[in-house]
Colleague: 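Please see the structure below; I have some questions.
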Amino acid sequence: MEYNPKEIESKWQKKWDELKCFQAKDNLSLPKYYALVEFPYPSGEGLHVGHPRPYTALDIVSRKRRLQGYNVLFPMGWDAFGLPTENYAMKNKMHPAEVTKRNIARFKSQLKSIGYSFDWDREVNTTDPKYYRWTQWIFLQLFKHGLAYKKNMSINYCTSCKVGLANEEVVDGRCERCGAEVVKKMKNQWMLKITEYADKLIDGLSDVDYLESIKAQQINWIGKSTGAEVDFSLTGTDEPLTVYTTRPDTLYGVTYMVISPEHPYIDKYKSLIMNLEQIREYQLESSKKSDFERAEIAKEKTGVEIKGIKAINPVNDKQIPIWVSDYVLMSYGTGAIMAVPGHDQRDYEFAKKFNLPIVEVVAGGDLSKEAFTDIETGIMVNSGIIDGMEVKDAKIKITEYIESKKIGKAKDNYKLRDWVFSRQRYWGEPIPLIYCETCGWVPLNESELPLLLPDLKTYEPAEDGESPLSKMTDWVNTTCPKCHKPAKRETDTMPNWAGSSWYFLRYIDPNNDEAFASKDKIAYWMPVDWYNGGMEHVTLHLLYSRFWHKFLYDIGYVNTPEPYSKRTAHGMILGENNEKMSKSRGNVVNPDKVIDNYGADTLRMYEMFIGDFEKSAPWSESGVKGCRRFLDRAFKMMDFMTEEDYYSKDMETLMHRTIKKVTNDFETLKFNTAIAQLMAFTNAVYQKGSITRKEMRDFLILLNPVSPHVTEEMWTLCGFDGYLHSYKWPEYDETKTIEDEVEIVIQVNGKIKTKIMISSDMSKEDMEALVYKDEAILKAIEGKQPKKVIAVPKRLINIVI
RNA sequence: GCGGAUGUGGCGAAAUUGGCAGACGCGUUGGUCUUAGGAGCCAAUACGCAAGUGUGCAGGUUCAAGUCCUGUCAUCCGCACCA
């Protein structure tokens with residue numbers, strides 16, 4: 001009989017659908033397992049060969065868990081709002097909903113053809129009003145708890161997409177999606193106060209099992225720093241200039257101040273500024289620069305001194321100049337710094353360029369060459385009350401001092417910024433708020449959710465960069481829910497990070513109309529036991545979804561402070577030429593083709609066999625062939641299966657070892673070595689020329705999570721009980737994984753001289769005794785007297801002479 | 001600059017607690033079957049004719065190092081004037 005994947009695969013996919021065997025049961029008494037993969041953005045391109053890698057990995061885990069008796073939730077859905085769909089719809093004069101529907105249908109049929117054990121009855125779609133009703137609902141809770149606010153701020157604006165971008169969407173000064181230049185634009189934007197959760201987001205990481213590199217990236221992104229805010233009084237005004245510093249200990253070394261070009265004091269105190277013209281010119285210059293230019297190109301410091309106002313150093317009452325420079329960012333700290341050129345490299349460069357004084361307050365460096373920034377070894381000098389102290393003690397003392405004098409306070413700061421939540425686009429969730437002249441921003445009544453996206457003729461953003469919805473006056477004009485006077489709807493929509501911030505909760509109870517999910521079911525299914533996704537999502541999506549979940553926890557809607565107990569990441573699949581797969585490079589491999597030529601079981605196996613799961617790996621057509629060859633060989637083993645329903649004596653150890661290795665490797669993302677073990681087993685069967693029924697049965701179960709169709713088929717052909725998918729995972733006996741006889745190595749001075757067979761339970765002492773008896777060993781030491789003999793049971797004897 | 005990771009055959013890669021480096025697969029070579037073989041099966045395959053040498057490089061610890069320690073180089077990813 002020939003192995004014919006086409007026939008087998010469609011047959012079993014149909015069968016599984018009919019039997020609904022992968023349906024997660026809402027039987028809350030069974031042991032549960034929630035496996036989650038990132039739901040895809042259904043692009044017009046369809047799947048490429050990178051998508052199935054994480055899906056197959058957790059499909060393997062899910063299938064194995066079911067065989068081990070768990071009630072498994074392994075769902076799939078669509079993160080379908082977003083720009084590419086909208087852009088495509090505009091270009092082709094289609095409705096984005098139509099485009100989305102078509103793309104989803106394509107993705108779904110592709111995923112189905114790979115034979116995943118998703119529970120398709122729980123499919124979610126972020127663009128479905130029944131879904132985004134709850135995205136809007138969560139937003140309203142954030143609003144009601146003061147975590148959403150509108151702010152007129154300088155934002156990143158993509159000149160091509162005509163849309164505001166979050167900092168995170170700007171890569172190297174360019175739009176993450178289209179690559180066009182990003183400029184600054186003032187815009188009134190909805191913001192989410194993720195910064196209020198910064199500490200919780202850091203602290204929560206100690207309770208979860210995430211890859212170390214993921215934790216590190218999150219901590220890095222949040223960027224917590226500890227320091228102090230200090231007030232410097234200004235000449236000619238009663239209001240102080242507040243700065244943030246992580247080095248309050250260097251307060252005596254401050255020789256000038258710098259404020260950001262966007263600092264409000266420039267306008268506020270313009271009457272005091274004698275060279276306002278010059279300052280205005282500098283402001284204009286830096287406003288033209290993108291963030292990228294400010295950071296990357298302008299290595300050379302620039303700036304202008306403010307004439308007419310001086311600052312006073314609160315610890316020594318010295319008058320010092322104030323400069324404006326764009327190396328100080330308005331978006332971090334207070335937008336103003338105290339400059340300590342002796343102990344900060346940037347201040348040092350600036351001081352050198354503009355001939356400002358440099359004072360040493362921490363001894364240990366050479367200030368004629370560079371700033372001395374070491375905080376471990378330095379001793380304070382020229383520093384009044386903290387003279388002679390070590391840096392870390394000086395920090396504490398001076399902070400206490402400024403707090404007691406009421407000129408400052410200890411303060412933590414974060415690199416993490418609040419989340420810009422507005423998009424001036426059509427294809428997103430409408431923000432369910434209404435602006436009333438009398439009442440201000442008023443939330444829509446929750447009973448009126450979902451606030452549907454109205455139909456539009458065109459989706460072009462307005463020329464001023466406003467949302468296309470702003471042109472829909474019928475929709476925009478409404479009445480205030482509070483005072484019933486005429487009012488206007490918010491026309492911005494949500495970013496596509498919104499729907500993905502809570503989708504794992506909707507899978508739990510996807511059809512619930514009373515709540516985003518019932519409390520009972522949440523209590524049963526949460527947290528997600530294992531979440532696998534890309535490394536590219538660990539700062540944005542992962543942080544955003546943890547933030548929303550922590551908020552829902554704080555207001556009592558979910559039962560766990562963290563959504564995911566374990567998070568792993570997969571490596572990318574590269575093209576055959578070792579480059580990132582992309583249309584423009586022409587190296588994209590389409591999974592449909594692979595399935596057509598070799599079958600889904602081969603595709604799945606190769607995706608897992610390709611290499612270390614966490615690393616990127618280049619695609620190889622001949623590697624695919626190798627996996628198909630293995631399945632052919634496995635299929636043919638049926639030709640020499642015998643009737644014995646037990647492990648044959650000579651295969652027993654290998655059988656137990658194989659069960660052990662596959663069982664463990666599937667848990668630790670080492671799918672490649674698990675498959676290698678199954679290949680080695682098959683090679684042994686071919687060597688022997690026969691396989692017993694029991695050996696075959698357990699082999700099929702072990703291979704089933706990787707290649708489910710062919711194993712189900714063989715199961716049936718062999719006449720085993722029922723269906724493979726409802727059977728149980730085999731157990732191994734540790735004592736039977738050890739051979740009776742092992743080959744050990746004889747080393748002389750660490751060099752291998754010979755090998756002998758010994759009984760595997762031989763003691764260290766007996767092995768040492770062998771040195772004087774075994775002929776091969778005697779020959780190896782050539783009659784010399786051993787100085788020392790090291791025997792390691794089951795491994796080696798090393799003789800030192 | 002900061003943070004994280006990775007360097008092993010021609011290629012993708014394996015290697016409990018330090019204990020036979022290169023499992024498994026690809027590729028290559030040879031054999032076999034065949035009208036044929038880009039199918040199957042069998043065998044060989046780190047390098048070197050050999051003694052021997054080999055896990056980016058240089059040291060160190062150890063009876064023994066891919067694995068531990070010190071230094072160094074290279075590549076990749078993330079962040080980056082964050083005070």
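All chains are named by letter (A, B, ...) in the order of the sequence lines, taking the proteins before the strands, and each is independently numbered beginning at 1.
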Colleague: Does a donor on one side chain sit under 3.5 Å from an acceptor on the other, for A/T302 and A/Y282?
Modeller: yes

Colleague: Could one point to a donor on the side chain of A/K301 or the base of B/C81 with an acceptor on the other under 3.5 Å away?
Modeller: yes

Colleague: OP1, OP2 of B/A43 versus side-chain N and O of A/Q687: anything below 4.0 Å?
Modeller: yes

Colleague: Mind checking A/I752 for me? I need base, sugar-phosphate or nothing, with any heavy atom below 4.0 Å counting as a touch.
Modeller: sugar-phosphate

Colleague: If you only use heavy atoms from C-beta on, which nucleotide in B/C63, B/G19, B/G7 is closest to the side chain of A/K615?
Modeller: B/G7

Colleague: With sugar-phosphate meaning primed atoms plus P, OP1 and OP2, does A/S331 contact a base, only sugar-phosphate, or nothing at under 4.0 Å between heavy atoms?
Modeller: nothing

Colleague: Mind checking whether A/F630 and A/F609 have ring centres under 6.0 Å apart?
Modeller: no

Colleague: So, is B/G9 syn or anti if syn means the angle is within 90° of 0?
Modeller: syn

Colleague: Using a heavy-atom cut-off of under 4.0 Å over every strand shown, decide if A/D612 touches base, sugar-phosphate, or nothing.
Modeller: sugar-phosphate

Colleague: Classify the nucleic acid contact of A/Q747 as base, sugar-phosphate or nothing, counting any heavy atom under 4.0 Å across all strands shown.
Modeller: base

Colleague: So, is A/R633 near the phosphate of B/C41, with a side-chain N or O under 4.0 Å from OP1 or OP2?
Modeller: yes

Colleague: I want to confirm an ordering. Mapping A/V792 and A/N798 to their closest nucleotides on RNA chain B, which one lands closer to the 5' end?
Modeller: A/V792

Colleague: Does a side-chain N or O of A/K670 approach OP1 or OP2 of B/A15 to a distance below 4.0 Å, or not?
Modeller: yes

Colleague: Please figure out whether A/A676 or A/Y686 has its closest RNA chain B nucleotide nearer the 5' end.
Modeller: A/A676

Colleague: Check this one for me: any side-chain N or O of A/Y332 less than 4.0 Å away from OP1 or OP2 of B/A83?
Modeller: yes

Colleague: Counting side-chain heavy atoms from CB outward, which of B/G3, B/A83, B/C63 is closest to A/S225?
Modeller: B/A83

Colleague: So what does A/E536 touch, heavy atoms closer than 4.0 Å: a base, only the sugar-phosphate, or nothing?
Modeller: nothing

Colleague: Contact class for A/N672 (heavy atom, under 4.0 Å): base, sugar-phosphate, or nothing?
Modeller: sugar-phosphate

Colleague: Would you please say whether a donor-acceptor pair under 3.5 Å links the side chains of A/N313 and A/Y252?
Modeller: no

Colleague: Does the B/C20 base have a donor-acceptor partner in the side chain of A/K755 within less than 3.5 Å?
Modeller: yes

